[in-house]
Each structure stands twice: as structure tokens, then as C-alpha cells.
Amino acid sequence: MVLLDIDYVTVDEVPVIRLFGKDKSGGNEPIIAHDRSFRPYIYAIPTDLDECLRELEELELEKLEVKEMRDLGRPTEVIRIEFRHPQDVPKIRDRIRDLKSVRDIREHDIPFYRRYLIDKSIVPMEELEFQGVEMDSAPSVTTNVRTVEVTGRVQSTGSGAHGLDIMSFDIEVRNPHGMPDPERDEIVMIGVAGNMGYESVISTAGDHLDFVEVVEDERELLEKFAEIVIDKKPDILVGYNSDNFDFPYITRRAAILGAELDLGWDGSKIRTMRRGFANATAIKGTVHVDLYPVMRRYMNLDRYTLERVYQELFGEEKIDLPGDRLWEYWDRDELRDELFRYSLDDVVATHRIAEKILPLNLELTRLVGQPLFDISRMATGQQAEWFLVRKAYQYGELVPNKPSQSDFSRRRGRRAVGGYVKEPERGLHENIVQFDFRSLYPSIIISKNISPDTLTDDEESECYVAPEYGYRFRKSPRGFVPSVIGEILSERVRIKEEMKGSDDPMERKILNVQQEALKRLANTMYGVYGYSRFRWYSMECAEAITAWGRDYIKKTIKTAEEFGFHTVYADTDGFYATYRG
DNA sequence: AGGTTCCGGGG
DNA sequence: GTGTACGGAACCT
């Protein structure tokens, strides 16, 4: 099956991982696979191993195991401490950290389902194979979803999911008194569009329009929407700002009207979680993607309204009605059809954007190895971090802890000096030549072995020494981050080769998105060194990278000028010049 | 200069 | 949920 989502539940006080997938080769059947075999754990770094084991024994923990790992490259003996339940970790970890014989604890802040994905080396949005499963004889009568018990190994096959069912939705509200208030203002339309050509607006009016599904009242409107989602079971359900508007609004209206909205594959309700300043709304099984945060990351615009984003992506205007007057379009018979068309246009536009943008996010999901639900809401720095957490497991490296509040406040505000910029010379320049470095920063990280684990004060070892700052980076062994970027770039080269050898346009398109995702990830790696919430934060690394960057571009400009070129503009990794002979 | 508040998207 | 996280612009003092 294709792995769409993952979580865990507690059964008989024991955590059970749930893998939500679709059997794409078997009639697209939805499946929930239960795995009861996985347990949470953390690491303790002891000051004295024997003493530490003795002290830990007294806490009556599930299981202790001594392991040899590396801590920023340094061989380190750690104790792997297993727990019965993920919620035991926050309860007990402080007591472990406070033991006299414990120097530090690690990997105590990795959510259980993420740990599972990493340790089993499985990846969402890829085909998942089970070596042993026990099938339930029939799908659940109430939810129509089949449950299987995992009894053996689980593994990703490496083949990505294609042909996913994407459905978009969008609500319209009658709000005559300012912004919509779910305590007061009713939902009058819900637009739905799927990639099987399904386009529809559910409403209590509009029976003369062929794309409208008419219902009795608002409660039925909500239940009809639920019925469509449950019945069609899209792999991905997309909205625009649906985390903070549509879903919370629908949920509140459903509660007021007593409508049933059990959209989850297990019959569970939609759940809106407060995450700091923003919300995230989850449906068990179906991946809900809010395109708004995705688009903010993907393009650089002054505004990110649906209209603006659509216009930028497709070069076409979509129907736009004044938000504060939509209620009039609903109330006045002669205007109502326009509101219906607007509603349909919104949901179709959302769907088109999803079709265009999701392939890249699906590839990022596979690369980072965390659920699409999470990836679509993560800043790129977070994506890079979780990619590294997975790599750290593969390399036997201990993951640094998340920065504490005091680390964070110490770090924030410090910024590395950026790239070299020569302000453009005013005027119209003719016969311009252009030069730029290909992936300058990733190349510098690799060639100068810039990594927190290679940074050293040791004057003896052979080092690359950063210009301006004099930071020293050991030449060998290869650092953690340079190794990882090396892997990314060589995979990208391999995919580009494969692209050259393919004449199937569909395959080339897929490969092109894959190399694009790799490029983005490689380019993110520089920025995160200076990102104050990054586990592998290192201002020295960030400063060294840009220092070498400035050094290279300036030297290149100087050489060009010796050959008779005149630079009219330069920025970070490239410059423009005229030739004067 | 340095701190604090506001705002995004949605109707 | 191995919880509780943004970041830039505008506006103060």
C-alpha cells in the first residue's frame, strides 16, 4: 500500500502505531495497519557508565542497553533507555537528566511516530511492503476501512506514489456584519472539486444550476460534505487557509447544529490543534493540506491571497467578489448565480494549484521521510532538520537536543554577514556577460568540510581555515553535514543523468521534480546553520560559508577584470560585466 | 537604536 | 502529544 499518514493510539496501555494507506494496486482499498512491536526510547550520556547503570536500575525502567555512538563525531558511550509508553518519556526524563551520573539526555524530544518512521526506515508517500500481516476478514461495517495487524517487517520499496486522489474544498459564509463569526453566520455553500473531474457546490439554493447539489438546510449541507469526503476518500484533501478558517468554522457550525462530521477513516472527528499562533486541522487517514503555508514558502509575493497566487501561477485572473458584500450576492436573487460561480471557481482554482504544487511537496515528503501533513506545514529549516535527524540515525550520530529557551534567546538576533554585493552601476549596459557559481554554498560546505563536528580549536590537525574569521575545519574525516549534502548532490546528478536517458515525458517530469526537491534541500542547508532553533546551529559554520563565498566571488571578479572585463553588478554567487578589451 | 505590537489568510 | 513553535513590518519610546 501507499503510506499516506501515521499516528499511534494506546490499546491496553501499550502504544500501537497506525499506518494509514491505500492499496493502489488492489482497487484503491483504504487500509489501517497496526504495529504493536515498537517502543519509545531515549539516550543518556553517562559521566560514569557503571554508576549510571546502577542509578538507572533503581528507576525500574523497561530496558537498558549500552551503545557506542558518536556525538558530533566524538565516539561516545550511551545508555539506550526503553520505555513502555511515549507519555512516560516526558514524565521520567527530567529525573534521568538530574541523576548525578548523567551528563546529558538525548533524543527525548522526538515524537513517537517520527521515531518509528526513522528507525524502520520507511517513508510516507511511497509503497509500503509487509513481510507478515494478519488481515481482518472484512472491512469495518461502519467505516468500510480494513484493518491489518503487522506481524513481521515493514519496508518502503522506494517507489513513489503517483496518481493520488486530490480533492479540494471551500466554504462560503453569509456574513453581513463584518468578518464571519461561526456563532452567528451560516455556511451557505461548500464547493468540492476532485481530480476525476468531480466539481460541485453544495447549497440550499441554486437548483437550476447543473453543478449544484441542493440540500434542505445547513445541517444537511455539512453532512453532505462529510458524506462526499467519506465516500470518495481522497488521499489528499486541500483547502486554502483551511487550517485557520474553513475547518474550524465547519467544526463550530457542526457543533451548533448537531451535525455528524466523522471524516476519519476510523470514524473519528476532524481535529483542530492549536500550534502556537496557528492551527492545524487533521483528519485521520486523509491527508489534509492547507495550501496557504505551502504557497508562502514556495513563492515570494507581497500578498498570498488565493487570487494573487492563482494569477501568479497561471497568468489568469479568477473570479473575485468583494468579501464584505458576499452576503448581498446570496440575498439578492439576481446576483446569487454569480456567487455560485465564484464558489466553484475558488474550489477549482484551489484544486489546480494543488495539482501544480503538490508533486514537489510529495518528493520533499519522501526525501525528509516525515508525513505530508507535517511537511506541508514545516518551515524549510524544519524540513532540513528532520532530514538530518533521519540521517543521524543512519550514521550512528546522536541528535543534538532542541535549543532551550536560553540557547534560543542567546542565538537570536545574531546574523552572519551575507554575500558580497556590488551595487549595480546606473545606466543601460550593452554586451553584458554573466557569470555565476553553481550551488555555491553547498559546494563550499562540501569542499571546506564545514560542519559542527569538524570545527576545531586544535592547531595541530590539518584544517581548512576560513577567511576573515580564521575558524578551523578539520580536513578529515568528512563531517556529518558535508557528507549528507554530498549524498543529496550526487543523487541529484544521478537523477539528472537518468532524465537525459529517458524519452518518456511523464517519467522526465517526475524525475525533474525529484531533482528540484534535492536542489531545494541542498540549498536550505546553508541557511539553517544560522537559524536559532536549529539542532545543529553553528554561527561559526554560517559565517565561514559566507566568508568563503565572498572570497570566491571577489577573486573571480578580480581575475575577470584583469582580462579586461568591467563589473557592473554582483550579488553573492554571480556577477554581470561588460567587456572593454 | 532597541523594544513592542501587529498581522497574515479566510468571508 | 517524546505538546504549546513565526517572522517581518510598522510603530512606538
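Since the structure is predicted, the reported quantities are computational estimates derived from the model, not experimental observations. Naming convention: chains lettered A, B, ... in sequence-line order (proteins, then strands); numbering from 1 in each chain.
Look at CG on A:Leu321: it is 13 Å from P on B:dG10, rounded to the nearest Å. Remark: C1' of C:dT2 and CZ of A:Phe83 are 9 Å apart, rounded to the nearest angstrom. Rounded to whole angstrom, the span from the CD atom of A:Glu62 across to the P atom of C:dT2 amounts to 17 Å. Look at CZ on A:Arg271: it is 15 Å from P on C:dG3, rounded to the nearest Å. Whole-Å rounding puts the A:Tyr113 OH to C:dG3 C1' distance at 11 Å. Rounded to whole Å, the distance from CG on A:Asp109 to P on C:dG3 is 7 Å. For the pair A:Trp386 CH2 and C:dA5 C1', the interatomic distance rounds to 13 Å; values are reported in whole Å. The nearest whole Å value for the distance from the CE atom in A:Met179 to the P atom in B:dG10 is 9 Å.
Between A:Arg252 and A:Glu183 a salt bridge is recorded (basic side-chain N to carboxylate O distance below 4.0 Å). Checked for salt-bridge contact, A:Arg80 and A:Glu82 meet the test: a charged N lies under 4.0 Å from a carboxylate O. Salt bridge A:Glu227/A:Lys224: present, at least one basic N to carboxylate O contact under 4.0 Å. Ion pairing of A:Asp98 with A:Arg95 is absent here, as no side-chain N (NZ or NE/NH1/NH2) approaches a carboxylate O to less than 4.0 Å. Look at A:Glu218 and A:Arg174 and you find no salt bridge, because none of the NZ, NE, NH1 or NH2 atoms lies under 4.0 Å from a carboxylate O.
For A:Lys402 and C:dT4, the shortest distance from a side-chain N or O to OP1 or OP2 is below 4.0 Å. In this structure, A:Tyr342 reaches the B:dG11 phosphate: one of its side-chain N or O atoms is under 4.0 Å from OP1 or OP2.
In the region residues 524-540 of chain A, proximity to DNA chain C at under 4.0 angstrom, judged on heavy atoms, holds for A:Tyr531, A:Arg533.
For A:Phe169 and A:Phe247, the distance between ring centers is under 6.0 angstrom.
The C1' atoms of B:dG9 and C:dC6 are separated by 14 Å, rounded to the nearest whole Å. Only the C1' atoms considered, C:dT4 is 23 Å distant from C:dG8, to the nearest whole Å. Across the P atoms, C:dA5 and C:dA9 are found 23 Å apart, a figure rounded to whole Å.
Judged by the 6.0 Å and 45° rule, A:Lys67 forms no cation-pi pair with A:Tyr43. Taking the centre and axis of the six-membered ring of A:Phe373, the NZ or CZ atom of A:Arg377 falls inside the cone set by 45° and 6.0 Å.
Using a 4.0 Å heavy-atom distance criterion, A:Ile110 is classed as a base contact. Looking at heavy-atom distances under 4.0 Å, A:Tyr249 makes no contact with the nucleic acid at all. Contact annotation for A:Gln87: base contact, defined as any heavy-atom pair under 4.0 Å involving a base atom. At the heavy-atom level, A:Asn244 lies nowhere under 4.0 Å from the strands shown.
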Report each atom pair, protein N/O against N/O of nucleotides 5-8 of chain B, whose distance is under 3.5 angstrom.
residue: B:dG8; atom: O3'; partner: A:Tyr292; partner atom: OH; Å: 3.1

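Residue A:Pro40 places its side chain closer to C:dT2 than to any other of C:dG1, B:dG11, C:dT2. Distances were taken from every side-chain heavy atom of A:Arg275 (C-beta onward) to each of B:dG11, B:dG9, C:dA5; the shortest belongs to C:dA5. Taking only side-chain atoms of A:Ile42, from C-beta outward, the nucleotide of C:dG1, C:dT2, B:dG11 with the closest atom is C:dT2. Closest to the side chain of A:Pro111, out of B:dG9, B:dG11, C:dT2, is C:dT2.
Looking at A:Tyr41 and A:Arg115, their side chains do bring a donor and an acceptor atom within 3.5 Å of each other. Side-chain atoms of A:Arg325 and A:Tyr329 include no donor-acceptor pair closer than 3.5 Å.
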